[in-house]
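Here's the structure we're looking at; comments come further down.
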Amino acid sequence: MTAQQDIKSRIGPIGLALPLVAFIVITFLMPLANMFKESFYDAEVADALPRTLRLLNAWNGDEIPSEEVFRTIAEEIIVLQENRTIGKIGIRVNRVVSGTRSVWGRTARRVEGVETEDMRTTMVGIDDRWSDLALWQGIKKAGQRYSAKHYLQAVDLSRGDDGSIHRVDTEQRIYNTLYLRTFRVAITVTLLCLLIGYPIAYAIAHAPPTLSKILLFCVLVPFWTSLLARATSWLVLLQSQGVVNDLLVWLGMVPDDGRLSLIRNMTGTLIAMTQNLLPFVVLPTYAVLSSIPPTYMRAAASLGANPVQAFVRVYWPQSLPGIASGCLLVFILSIGFYITPAIVGGPKGQLISNMIAYHINDANNWGLAAAISVIVLLSVMILYIVFDRWVGVDKLKLS
Amino acid sequence: MWNIGKGVLTLFVVLGFIFLLAPLLVVVPLSFNAEPYFTFTEGMLRFESEAYSLRWYRNIFESEEWLRAIQNSFFIGIFATFLATVLGTLAAIGLNDPRLPFRKFVSALIISPIVTPIIVVAVGVYFFYTDIGLGQTYLGIILAHAMIGAPYVVITVSATLANFDYTLLRAAASLGANPWTAFRRVQLPIISRGVITGALFAFINSFDEVVIVVFMAGPKQRTIPREMWSGIREELSPTILAVATLLILLVVLVLITVEVLKSFGEKNKLSAN
Amino acid sequence: MKRNILASFAFLFVFVSANVCAEGELTIVSWGGSYAKASIDGIFKPFEEETGIKVIVEDYNGGLAQIRAQVETGNVHWDVVDVESQDDLIGCDEGLLEYLDDLELPDAPDGTPAEEDFFDDANSDCGLGNIVWATVIAYNSTAFESDPPSTMNDFFNLEKFPGKRGMRRTPEVNLEFALIADGVPPEDVYETLSTKEGLDRAFKKLDSIKESIIFWETGAQPPQLLADKEVAMTTAYNGRIFNAINLEKQPFVIVWDGHIRDYGQWVIVAGAPNLENAKKFLQYAARSSSMAGVSNRISYGPLRHSAWEMVDKHVDTKIDMRPHMPTDPENSKNFLVNDAEWWAEHRDDLFERFSAWVSR
C-alpha cells in the first residue's frame with residue numbers, strides 16, 4: 001500500500017470523527033481552557049490604572065506614595081468615572097483589602113475639577129483611607145495581571161504584604177473543609193451505593209427472566225426520572241411533618257415532639273444522593289454479573305468450596321470490572337453534585353459545588369469560582385489516571 | 001443456615017428496591033391532594049373522594065410559566081438530541097475503524113464531557129458562552145446539551161458497532177452500492193437500535209439537565225427542571241409534585257415503548273431466521 | 001449543512017425572541033407572590049391605563065446575576081427591576097444600571113418638592129426609592145401562649161423561649177440582630193461590626209443558639225416553617241408575615257423590637273430596550289399615590305412623607321394598614337436601617353466567615 005492510498009483510506013474515519021471532535025473542542029475544551037485562564041488572569045485593574053501601577057512598582061511600600069502617584073491616580077480615577085468603570089475597580093480592590101470600596105466612588109465624585117498643588121492632602125482630605133498603606137498595597141496586588149491569589153484563597157491561604165504565604169484565620173477557613181467534606185460524601189455515597197446496589201444487581205442477574213425484567217424496569221424508572229422530581233420527593237418524605245416522620249410517629253417509634261431531623265442536614269444529603277446515584281452502580285454491575293457463567297460457581301462447589309468461599313474466590317473477582325466502573329461514575333458524579341445538596345442539604349450538607357455556584361451567582365467572583373473548579377477538575381483527573389492504571393479506562397462502559 | 005442467609009439477602013434486596021422506588025411512589029398520590037400540604041391528609045388515608053383533586057394539574061396547564069417551560073424543554077431537547085445524534089453516530093463509526101489514528105486519545109476526548117463533574121462543565125460553559133455572546137440564548141443551551149449528549153450516542157452506537165459484521169459493507173460494495181448507499185441501506189438499519197437508544201439517552205439528559213440551565217438560561221429559556229428548581233426554593237406548592245408525577249409517567253411510557261420495540265425487533269429477527 | 005440550517009434556525013429563534021419587545025411595551029421585573037400582586041394592582045395596571053404602555057411582568061429572585069448576564073451579552077430584555085439596596089449599589093458601580101440623574105421626580109400633592117418629600121437616602125445614583133420593608137422576628141403564638149417574646153434578645157433566649165429558630169442563611173441582618181440583642185444601640189451596630197472584637201461578639205451571640213437554627217433562603221420559607229411548626233420563632237420579611245396573619249389567618253405575631261429596615265429600589269437596566277417607557281414608569285412609580293397604592297395592599301411602607309398620609313385601609317380586607325408598617329411610630333421604637341454601603345465593602349469576607357461558622 002502506498003502512502004497516498006494510506007492517507008486516502010484514512011480520510012474516511014477521520015472525516016467521520018472530526019465533526020464531533022471539533023464540536024467537543026469548541027463547546028467543551030475551549031470553555032475549560034478559558035476557565036483555567038480566568039482562574040489566574042485578571043486584567044481589569046491593570047488596564048484601568050496602568051500609569052499608577054507603573055509608579056507603584058517603584059514604590060518601596062513603607063510610606064505613603066509621592067505626590068506624583070496621587071496626581072496620576074487622580075487623573076486615572078477621573079477617566080474611570082467618565083466611562084463608568086470606577087465601581088468595578090472598587091469592587092476588585094475591595095476583594096484584596098476589604099472595607100475600601102467606597103473610597104473610589106467618593107473620591108471620583110469630588111476629585112474632578114480640583115485645582116491643587118497638593119493632591120495628596122486633597123485626596124486624604126476626601127477620604128483618609130488614602131493615607132492607609134494597606135490600600136496602596138491592595139491596589140498594587142489587585143493590579144497584577146497574573147496571580148495565584150484565587151488559588152491561595154481557594155485553599156484557605158493568603159499572601160502577606162511581605163510575600164509570605166500563611167493560612168487565613170481559623171474562623172475564616174472554609175474551602176478546605178468543603179473539599180474534604182465533598183470527598184467524604186463522595187466516598188460514603190459510593191460505598192452505600194455499592195452496599196445496596198450489589199445485592200440488587202445480583203438479584204436481577206439471578207432472577208427468573210420475567211422477574212428479572214420487572215426488577216430491571218424498577219431500576220430504570222428512577223434512573224431516568226428527573227433529578228429535581230426525586231429531590232422534591234425526598235423533601236416531601238423526610239421533612240419533620242413529612243411522610244417518614246408521620247409513619248414513625250404513627251408506629252410509635254418516635255414521640256410526636258421528638259421527630260427526627262432527616263432533612264436540611266448531612267443525613268438528607270446522603271440519603272438523597274445515594275438514591276439518586278444507586279442505578280449507576282446497579283446497571284454496570286448487573287451487566288457484568290449476568291455474563292458470569294453459572295458453571296463457574298458449580299465448578300467451584302464441585303471442587304469442594306463452600307458457597308462463601310466460592311463467592312469470595314470466584315464470583316466477586318469476576319464482578320470487579322462492573323463494580324469499578326459503577327463506583328467511579330458514582331464518585332465523579334457525587335463530586336459535581338449541586339442540585340440535590342442545595343435542596344435537601346441545608347448548610348451542613350453543602351458541598352464544594354454549592355460554593356462555586358455562590359461565587360458565580362451572588363458574589364460575581366469568577367476568578368475564585370474558576371480556581372475552585374480547576375482544583376475539583378484536577379482531583380478528578382488524578383483519580384481517573386489512578387483508575388486507568390488500576391483497572392483500565394477502556395473497561396468503563398455504560399450498561 | 002444457607003436459607004437464612006438467602007432470606008436476609010432477599011429482605012435486603014426488597015428494602016433496597018423500596019429505597020429506590022419510595023420517593024417516586026409517594027409523590028404520585030400526594031400530587032392529587034386536595035389540600036396544599038405535602039403529607040397525607042386523614043381524608044386521603046380514608047380514600048374519601050373529596051380529599052383528592054386535580055387542581056395542581058390544572059395549575060400547570062393554566063400557568064404561562066409552566067407551559068413555556070414545557071415548550072422550552074422539548075425545543076431545546078429535540079435540537080440538542082438531533083445535533084448529538086448526528087455527530088455522535090458519525091464519530092462512533094469513525095472511532096470503530098481501526099485506521100483512525102490516535103483512537104484511544106480521540107475516544108477519551110469524546111467521552112470527557114460526561115466524566116467531568118457537571119458543576120465544572122457548567123462553570124466553563126457559562127464563562128465562555130457569556131464571553132462570546134451565547135449566554136441567555138437558546139443556541140447556547142442547545143450546544144451545551146448536545147455536547148453532554150453526544151458521548152452517550154457514541155457509547156451506545158459503538159456498542160452495536162462492536163458486533164457489526166463489516167463484510168456486509170464489502171458485500172454491498174461488490175453489488176455496486178456506493179459508500180453512502182451502503183451505509184444507509186446496510187449499516188444504519190443494523191446499528192439503528194444503538195442510535196435510537198443513544199438519542200433517547202441524549203434527549204432525557206437534556207430534558208433533565210438543570211445545572212447548566214441554572215447558570216445559562218435567561219427568563220425566556222427556563223426549562224421544566226429550571227422551573228421546578230425555583231419552585232422548590234421559592235414557593236413550594238404541590239404543583240411541583242404534579243409536574244414530578246407527569247415526568248415519572250413520561251419515563252414509564254418511554255421505557256415501555258422501548259421494551260415493546262425491542263421485543264418486536266427480536267421477533268422480527270427470529271422470523272427472519 | 002444540516003448543522004448550518006440548525007444553527008441559523010436557532011439564531012433566528014434567539015433573534016425573534018430578543019426583539020419581541022416592540023414600542024409601547026415595558027418589562028418590569030419584580031418579586032413574586034403577594035408582593036407582585038400588590039404591585040400589579042397598585043402601580044402597573046393604573047400605569048398601563050394612564051399611558052397605554054403594556055407592562056410585561058417577570059419574576060425576580062434577587063441578585064445581579066441575571067442582569068449582569070443580559071448586559072454583558074448585550075441581550076437586554078428587562079427594563080425595570082425592583083432590587084434590594086445592596087444590589088442597587090453594586091449594580092450601579094459595575095455599570096449594569098442606568099444613572100437616574102436627569103430623572104425629574106413629581107412633587108407631592110401639596111406642592112412640597114420631591115427632594116424634601118422623599119425619605120433621606122431613599123434615592124441613589126441608579127435607584128429610585130420604592131418601598132421600605134423590614135426583617136422582623138415572628139413567632140407562632142401557639143408556641144408561647146403566656147408571656148410571649150417581645151424583644152430581640154428573646155429570640156436568643158432558648159431557656160425562656162425554647163424551640164427552633166429560623167434564620168436567613170446570610171451574614172446580613174443576622175450579625176446586626178445578634179449585636180442588638182446583645183445590647184449594642186442600633187446606631188453603633190455597624191461601627192462595632194467593623195472591629196474584630198465586635199464581629200467576634202456577634203458570632204458569639206449567634207453561637208448561643210446555633211444548634212437550634214434552621215436556615216432559610218427565600219422569603220416564602222419563614223411563614224411556611226412557622227406554619228409547619230418546624231420552628232417556633234423566625235426572622236422574616238414583615239410583608240410575608242402580614243399576609244400569613246391577615247389573609248391566611250395564621251396565628252403568627254410580629255416582634256418589631258430591633259427590626260432592620262431596608263429600602264427597595266426601582267432601577268433601569270443599562271441598555272434597556274424601552275428606556276423612555278422605563279423612565280416614564282419610574283416617574284409614575286415615584287408619585288405618592290402610586291406608593292400608597294402598594295402600601296394599601298401589602299404592609300411595605302412608602303418612601304415619601306406625603307404617601308404615608310395616604311396609607312389607609314387594606315383594599316380587600318379593610319384592615320387598618322398603618323399599624324402593620326415598619327414606619328408606624330409604634331413600631332419604630334428600636335430599629336436599624338440596613339447600611340448597604342457597609343455590606344458592599346465587607347460582604348466577601350463576612351460571607352466566608354459566616355459559611356465557615358455555619359458549616360462548623
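Naming: A, B, ... by sequence-line order, numbering from 1 per chain.
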Worksheet, complete the sentence: Most heavy-atom pairs under 4.5 Å with chain B, out of A:Ile335, A:Ile339, A:Leu278, A:Leu32, belong to A:Ile339

Discussion item. Under 4.5 Å from any heavy atom of chain B, what part of A:Phe337 do you find: side chain, backbone, both or neither?
Written reply: neither

Worksheet item: Contact part of B:Ala159 toward chain A, heavy-atom cut-off under 4.5 Å: side chain, backbone, both or neither?
Response: neither

Worksheet entry | Portion of A:Gln275 that has a non-hydrogen atom of chain B nearer than 4.5 angstrom | both

Worksheet item: Contact part of A:Thr274 toward chain B, heavy-atom cut-off under 4.5 Å: side chain, backbone, both or neither?
Response: both

Item to complete: Determine the minimum heavy-atom distance between A:Pro279 and B:Leu20, stating which atoms define it.
Response: CD-CD1, 4.2 Å

Fill in: Engaged part of A:Ile360 at the chain B interface, taking heavy atoms whose separation is under 4.5 Å
side chain

Worksheet item: Relative to chain B, which segment of A:Val380 carries a heavy atom at a distance below 4.5 Å: side chain, backbone, both, or neither?
Response: side chain

Discussion item. Please identify, among B:Thr116, B:Leu247, B:Leu95, B:Thr156, the residue contributing the most non-hydrogen atom pairs under 4.5 Å to chain A.
Written reply: B:Thr116

Worksheet item: At a heavy-atom separation under 4.5 Å, does A:Tyr338 approach chain B through its side chain, its backbone, both, or neither?
Response: side chain

Discussion item. Which residues pass the side chain to side chain contact (heavy atoms under 4.5 Å, CB included) test with B:Leu25, not counting sequence neighbours?
Written reply: B:Leu21

Discussion item. Between B:Leu109, B:Ile118, B:Val125, who has the most heavy-atom pairs with chain A when the cutoff is under 4.5 Å?
Written reply: B:Leu109

Practice prompt. Could you tell me which portion of A:Ile372 (side chain, backbone, both or neither) has an atom closer than 4.5 angstrom to a non-hydrogen atom of chain B?
Written response: neither

Response to the item:
The interface call for B:Val14 against chain A, heavy-atom contacts under 4.5 Å, is neither

Worksheet item: At a heavy-atom separation under 4.5 Å, does B:Ile232 approach chain A through its side chain, its backbone, both, or neither?
Response: side chain

Worksheet, complete the sentence: Minimal heavy-atom distance between B:Ile93 and A:Leu16, with the atoms involved, is CG2-CD1, 3.7 Å

Response to the item:
From the list B:Leu90, B:Val86, B:Ile110, side-chain contact (heavy atoms from CB on, under 4.5 Å) with A:Leu20 holds only for B:Ile110

Worksheet item: Which bit of A:Leu29 is near chain B, if near means a heavy-atom gap under 4.5 Å: side chain, backbone, both or neither?
Response: side chain

Fill in: B:Leu9 versus A:Pro199, closest heavy-atom pair with distance
CD1-CB, 4.0 Å

Practice prompt. Please check if the side chain of B:Tyr129 supplies one atom and the backbone of A:Thr27 the other of a donor-acceptor pair under 3.5 Å.
Written response: yes

Worksheet item: Could you go step by step and tell me if B:Phe128 and A:Trp366 meet the ring pair (Phe, Tyr, Trp, His ring centres under 6.0 Å) rule?
Response: CA-CA 11 Å; B:Phe128 187 68; A:Trp366 284 22; over 10 Å; no

Discussion item. Quick check on B:Val106 against chain A: is it the side chain, the backbone, both or neither that has a heavy atom closer than 4.5 Å?
Written reply: side chain

Item to complete: Sort B:Val27 into side chain, backbone, both or neither according to what part of it lies under 4.5 angstrom from a heavy atom of chain A.
Response: side chain

Worksheet entry | Contact class of B:Phe19 relative to chain A, heavy atoms under 4.5 angstrom | both

Fill in: Spatial distance of atom CZ (B:Phe127) from atom CD (A:Glu38) [nearest 0.5 Å]
5.5 Å

Mind listing the side-chain donor-acceptor pairs of residues 219-231 of chain A below 3.5 Å, one per line with the distance, residues two or more places apart or on another chain?
from	atom 1	to	atom 2	distance (Å)
A:Thr225	OG1	A:Val221	O	2.6
A:Ser226	OG	A:Leu228	N	3.1
A:Ser226	OG	A:Ala229	N	3.2
A:Ser226	OG	B:Asp208	OD1	3.2
A:Arg230	NE	A:Pro222	O	3.3
A:Arg230	NE	A:Thr225	O	3.2
A:Arg230	NH1	A:Pro222	O	3.3
A:Arg230	NH1	A:Asn276	O	3.2
A:Arg230	NH2	A:Pro222	O	3.3
A:Arg230	NH2	A:Thr225	O	3.1

Practice prompt. Using non-hydrogen atoms and a 4.5 Å limit, figure out which bit of A:Leu238 sits close to chain B: side chain, backbone, both or neither.
Written response: neither

Fill in: Engaged part of B:Ser31 at the chain A interface, taking heavy atoms whose separation is under 4.5 Å
neither

Discussion item. Taking every non-hydrogen pair under 4.5 Å, which of B:Ser107, B:Gly94, B:Ala144 racks up the most with chain A?
Written reply: B:Gly94

Worksheet, complete the sentence: Okay, A:Ile356 and chain B: the region with an atom under 4.5 Å from a heavy atom over there is side chain

Worksheet, complete the sentence: Whatever's closer than 4.5 Å to a heavy atom in chain B on A:Ala272 counts as neither

Worksheet entry | Atom group of B:Asp131 that falls short of 4.5 Å from chain A, counting heavy atoms | side chain

Item to complete: Please test A:Val243 against B:Leu30 for side-chain contact (heavy atoms from CB on, under 4.5 Å), starting from the C-alpha separation and ending with a verdict.
Response: CA-CA 10 Å; A:Val243 177; B:Leu30 279 178; 4.2 Å; yes

Item to complete: Would you give the length of the straight line joining atom CD1 of A:Ile24 to atom CE of B:Met147, rounded to the nearest 0.5 angstrom?
Response: 7.0 Å

Fill in: Heavy-atom proximity to chain B below 4.5 Å, by part of A:Met30
both

